[in-house]
Asks: 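Input: one structure, supplied below.
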Amino acid sequence: MSFYDEVYKLCKRIPKGKISTYKVIGDKLKTKAYRAVGQALKNNPYAPEVPCHRVVNSLGFLHGFKGEKSSKALNKKTKLLEKEGVKIKDYKILDFKKKLFRF
DNA sequence: CGGTTGACCAAGT
DNA sequence: GACTTGGCCAACC
């Protein structure tokens, strides 16, 4: 059971239509490895299983893709998010605080 | 095993 | 208010 696996598990725990932050996840894992969490999700070998798009930084921003070329994965997932009921504007989650899932 | 990296964060400048 | 710095932790090279 690696750190990554823990991260993936937590991601799966996030209910549809809600989102969470790297910070919360790290806190949940009793660690401050917010960055490591980010790595786990960007790698995301469990692409469809683990909804990494439901995890954003503390400001509610979807980082990573500047334009459409980089981080296509997130780009897709962003649309998926909107589909799930999470409104996004300029890669930022609207009503972020309300939809934030703290586990 | 040491140094770099990363989808980070908070505090300082 | 934009930018830099230092700290944090795990994975990767």
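Side chains included, hydrogens not; waters and symmetry mates left out as well; all remaining heavy atoms used. Reminder, nothing fancy here: chain letters follow the sequence lines and each chain counts from 1.
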Asks: From the list C:dA10, B:dG6, C:dC8, which nucleotide is the closest neighbour of the side chain of A:Thr31?
Replies: C:dA10
Asks: Could you tell me how far apart A:Lys32 (NZ) and C:dA11 (C1') are, to the nearest whole angstrom?
Replies: 19 Å
Asks: Name the nucleic acid region contacted by A:Tyr4, choosing base, sugar-phosphate or nothing; use a 4.0 angstrom heavy-atom cut-off, strictly under.
Replies: sugar-phosphate
Asks: Counting heavy atoms not belonging to A:Lys92, are there more than 12 under 6.0 Å from its NZ?
Replies: yes
Asks: So if I take every side-chain heavy atom of A:Tyr34 and compare against B:dG6, C:dC9, B:dC9, which nucleotide ends up nearest?
Replies: B:dC9
Asks: Test side-chain hydrogen bond (donor to acceptor under 3.5 Å, both in side chains) on A:Asn57 and A:Tyr22 and set out the steps.
Replies: CA-CA 6 Å; A:Asn57 68 4; A:Tyr22 299 98; over 6 Å; no
Asks: Do A:Lys87 and A:Glu82 sit within salt-bridge range, that is, some charged N less than 4.0 Å from a carboxylate O?
Replies: no
Asks: For A:Phe3, answer base if it contacts any base atom (sugar-phosphate contacts may also be present), sugar-phosphate if it contacts only those atoms, and nothing otherwise; contact means non-hydrogen atoms under 4.0 Å.
Replies: sugar-phosphate
Asks: Any idea which of B:dA7, B:dT5, B:dC9 is nearest the A:Cys52 side chain?
Replies: B:dA7
Asks: Flag the pair A:Glu84 and A:Arg54 as a salt bridge only when some basic side-chain nitrogen lies within less than 4.0 angstrom of an acidic carboxylate oxygen.
Replies: yes
Asks: When you measure from the side-chain N and O atoms of A:Lys42 to the phosphate of B:dA7, is any distance below 4.0 Å, counting only OP1 and OP2?
Replies: yes
Asks: Which nucleotide sits closest to the side chain of A:Lys23: B:dA10, B:dC9, B:dG6?
Replies: B:dA10
